[in-house]
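A short worksheet on the structure shown next.
When reading the values below, keep in mind they use all heavy atoms of this one structure, side chains included, and skip hydrogens, waters and symmetry mates. Just so it is clear: chains get the letters A, B, ... in the order the sequence lines come, proteins before strands, and each one is counted from 1. From a predicted model like this one, the values you see are computed outputs, not experimental measurements.
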Number of protein chains: 2
Amino acid sequence: MEGNSDVDEAVEILQQMGLKEYEARCFVALTRLSEATAKRISEVSDVPRTRVYDAIRVLETKGLVEVQHTNPKLFRSIPVEEAVGNLLDTFESRGSRLSDTLHGLESVSPDDSPEVCHEVWALSGDRAISNRSYQLIDDAEEELALVARSEVFEDGELVARLGSALDRGVDVTVGTLDGSPDGLRETLSGADVFSSGVGWIASSSDAEDSTEIRRVMLFDRETILVSSDHATDSDASEETAVFGHGFNNGLVAVLRRMLLSRIPDG
Amino acid sequence: MEGNSDVDEAVEILQQMGLKEYEARCFVALTRLSEATAKRISEVSDVPRTRVYDAIRVLETKGLVEVQHTNPKLFRSIPVEEAVGNLLDTFESRGSRLSDTLHGLESVSPDDSPEVCHEVWALSGDRAISNRSYQLIDDAEEELALVARSEVFEDGELVARLGSALDRGVDVTVGTLDGSPDGLRETLSGADVFSSGVGWIASSSDAEDSTEIRRVMLFDRETILVSSDHATDSDASEETAVFGHGFNNGLVAVLRRMLLSRIPDG
DNA sequence: ATATTCTGTAACTCAGTTAATCACAGCATC
DNA sequence: GATGCTGTGATTAACTGAGTTACAGAATAT
């Protein structure tokens, strides 16, 4: 009825979580009503009354509502935390089932194997990029440089892995792109810590680009990872990264020079 | 190509988790290949080669694959655990965002409030039913009876809540529908524990029904919950429950008599 | 009792999405 | 330069979901 933005947001999230529009709208309406008839749900959710029944039936099988089979039927919402928990639960169980089945097959002959000596890979998503960087940190043998926006260092796992690299005897150099790196000096004793001037690395060329550098990492002078926040169409920004490997890779060479030239020599 | 059932299962799960068919098939193929070109992925996944590119692009934004932008393009899979973790991650963040938004609205006038003194509600799903039973156990004030298949008692939380009900001074009576209840006697000292003969409660009427009673619970002689496993079309069986409340509710009355008549008097 | 409103089911239409195919412009290799 | 392959875009067909209508049974009012 009235264009409530919070309702719309909830509906959208529910759709992203696998519900149809009617199902999502009915669920949100019922959550606000606690208990209601199909007619009332239709009024609040703006879903055609005759389709409320189908939608609720699906919601019931997902453990999101309760149904009283009287005439007229009554529908009752389930406490929010509980309902969301149910959704998460089924999703997680799917996740583990998926892990199992995927492990059960793996490996088919790669058939064509074009040897690549200069690799440049793209990947996206905060978590995927973090994971890749963890792996690269773990694989580093000699030296490792990391210049990033300060919030990157709020990731405890990242810091921990940097610490273990230090313990392995890897030369670790870290720097921030914005704030002061004082906190790091404590947590990463043994590492070179510096505060980078913002200027040299920011994409100063085109400002309306809406792309902001987030991390620049260099591993053993032969592997590099550069990530940036790119504004997406809808709401938040997404992190995308380019990750290059190979000594004679042009990208690696250029960025290596950029990075090393501004890092105080160890 | 060959109709591998494990592959199909993985594809189906991935689709349930929000991927399109092509995306799911490409992901599974790439997981088996580790690294491949579009052509090879097309061969293995049976997805039209020209559509592999779109599919992979989506997969990349979800943090499920890496892309090397060369010619020909190379696609590389991300370790299974990592990829599944990425999926779960985005889902969980959606879940918490959903919780927040939903809490931010709640409550609209129920408008019509048909007072019901004999309620019978239906709900389904293992977790939803468990949660409801937890709540009912917590709300029980005087007595509580629970007859269920033995695996139900493997739920630690259920047992814990039964224990706390006991501590509150609630008369607790538990029984199993199948196995021996010896383990329960230890964990629930203070409760009446008995092993029910299967006969009296099984739906002996029509055997081809494929419905099996799972739990029968009675709370304060006025609320009852009966759940059963109903075979679904596809794979596993789903648990559905009827949950009745109200002293003069017919269902409650009948089942209460059935249940109490077979429970040794406390 | 009869009329009238309401409830729940089922069918249908229309629109948007997705699967599947085709045409074509770079690259590559021969 | 010819041929085969790669990646993009457009196009069609099949399907799914949103929105509507018809209708039989139930409940309520008169």
Side-chain angles (χ1 to χ4, degrees), chain A residues 1 8 11-12 14-30 33 35-62 65 67-76 111-116 118 120 122, chain B residues 1 8 11-12 14-30 33 35-62 65 67-75 111-116 118 120-122:
Chain A
M1 198 146 299
D8 292 343
V11 168
E12 195 174 336
L14 283 163
Q15 282 185 272
Q16 290 173 342
M17 293 176 96
L19 299 195
K20 306 303 172 195
E21 184 182 337
Y22 283 175
E23 296 159 17
R25 294 234 294 271
C26 284
F27 175 77
V28 172
L30 193 51
L33 287 162
E35 179 175 325
T37 63
K39 179 187 170 83
R40 188 89 185 99
I41 291 178
S42 169
E43 291 167 2
V44 174
S45 66
D46 221 14
V47 170
R49 182 188 59 82
T50 60
R51 317 257 52 221
V52 168
Y53 304 98
D54 310 69
I56 296 272
R57 201 168 299 134
V58 175
L59 292 177
E60 200 223 324
T61 68
K62 303 202 174 195
V65 299
V67 180
Q68 182 177 356
H69 292 287
T70 51
N71 195 322
K73 287 184 176 176
L74 269 185
F75 308 107
R76 182 187 286 178
D111 195 78
D112 55 357
S113 53
E115 80 295 350
V116 273
H118 56 96
V120 178
Chain B
M1 195 146 300
D8 291 344
V11 168
E12 197 175 336
L14 283 164
Q15 283 185 274
Q16 291 173 342
M17 292 176 97
L19 298 194
K20 306 302 173 195
E21 185 183 337
Y22 282 175
E23 296 159 17
R25 294 234 295 270
C26 284
F27 175 77
V28 172
L30 193 51
L33 287 162
E35 179 175 324
T37 63
K39 179 187 170 81
R40 187 90 184 99
I41 291 177
S42 168
E43 293 167 2
V44 174
S45 66
D46 221 15
V47 170
R49 184 189 59 82
T50 60
R51 306 279 89 216
V52 168
Y53 304 98
D54 310 70
I56 296 273
R57 201 169 298 134
V58 175
L59 291 176
E60 201 224 321
T61 68
K62 302 202 174 194
V65 299
V67 180
Q68 182 178 357
H69 293 286
T70 51
N71 196 321
K73 286 185 176 176
L74 269 185
F75 308 107
D111 194 81
D112 55 356
S113 53
E115 81 294 353
V116 273
H118 55 95
V120 179
W121 295 84

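- The nearest whole Å value for the distance from the CD atom in B:E21 to the C1' atom in C:dA20 is 10 Å.
- A:F75 places its CZ atom 11 Å from the P atom of C:dT7, with the value rounded to the nearest Å.
- With rounding to whole Å, B:R25 atom CZ is found 15 Å from C:dT18 atom P.
- The shortest distance between the side-chain N/O atoms of B:R51 and the OP1/OP2 oxygens of C:dT18 is not below 4.0 Å.
- The separation between B:D46 atom CG and C:dT21 atom C1' is 14 Å, rounded to whole Å.
- Nucleotide D:dA18 holds its C1' atom 12 Å from the NZ atom of A:K20, rounded to whole Å.
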Inset, instruction - Please report the C-alpha distance between A:R40 and A:E43 in whole Å, then the side-chain angles of each, then the deciding distance to 0.1 Å, and finally whether the salt bridge (Lys or Arg N to Asp or Glu O under 4.0 Å) criterion is met. - result: CA-CA 5 Å; A:R40 188 89 185 99; A:E43 291 167 2; 2.8 Å; yes

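- Taking side-chain N and O atoms only, B:K73 has a distance below 4.0 Å to OP1 or OP2 of D:dT8.
- Taken to the nearest 0.5 Å, the NZ atom of B:K20 stands 15.0 Å off from the CZ atom of B:R51.
- Between A:R40 atom CZ and C:dT7 atom C1' the separation is 17 Å, expressed in whole Å.
- In terms of position along DNA chain D, the nucleotide closest to B:T50 lies nearer the 5' end than the nucleotide closest to the other residue of the pair B:T50 and A:P72.
- In this structure, A:Y53 does not reach the C:dA10 phosphate: none of its side-chain N or O atoms is under 4.0 Å from OP1 or OP2.
- Atoms CD (B:Q68) and P (D:dG7) sit 11 Å apart, rounded to a whole Å.
- At C:dT21, none of the side-chain N or O atoms of B:R49 fall inside 4.0 Å of OP1 or OP2 (strictly under the cut-off).
- Among the atoms of the strands shown, base atoms are found under 4.0 Å from some heavy atom of B:P48.
- Residues A:V65 and A:F75 have side chains not in contact (no heavy-atom distance under 4.5 Å, counting atoms from C-beta outward).
- Between A:P48 and A:Y22 the shortest side-chain heavy-atom distance falls below 4.5 Å.
- Rounded to whole Å, the distance from OH on B:Y22 to C1' on D:dC15 is 13 Å.
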